[in-house]
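What follows is one structure encoded as structure tokens, with my remarks underneath.
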Amino acid sequence: MNADAMKEIGATLTMVERAAKESKAILDPREVEIIKMRLGIKCKKPKTLSVIGKKFGISRERVREIQNAAKKKVKNRLRYCVMLEEIQAPSSGKNKP
């Protein structure tokens with residue numbers, strides 16, 4: 001793998017890490033907890049929509065809606081970070097005609 005490819009991978013990882021850190025700022029605590037439970041983070045295995053719904057006193061459909069809204073927030077934030085990096089990155093001249 002060449003040096004340019006390594007730099008690009010490093011930059012991408014930096015953006016993903018930044019979006020993950022910032023996601024805590026854009027998600028409310030309930031959204032964070034639901035995502036953690038669905039993914040099995042800090043527990044033995046992923047939880048079902050029904051199990052999570054019972055814990056929060058909401059329907060499994062509402063859990064799914066919250067999960068999807070949280071994913072959308074994080075995805076949009078990642079897109080924003082990527083665009084910001086592209087704007088701030090010094091021009092390398094690669095895209096010039």
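- Shortest non-hydrogen contact noted between R62 and R30 is NH2-NH2, 4.0 Å.
- With side-chain heavy atoms closer than 4.5 Å counting as contact, directly or through intermediates, the hydrophobic cluster containing L49 also holds I34, M37, I52, F56, I58, V63, I66.
- With respect to E33 and K36, no salt bridge is recorded, no charged nitrogen being found less than 4.0 Å from a carboxylate O.
- Separating the OG1 atom in T48 from the CZ atom in R60 is a distance of 8.0 Å, to the nearest 0.5 Å.
- A70 approaches E31 most closely through the heavy-atom pair CB-CB, 4.1 Å.
- Other cluster members for I41: I35, L39, joined by side-chain heavy-atom distances under 4.5 Å among Ile, Leu, Val, Met, Phe, Trp and Tyr.
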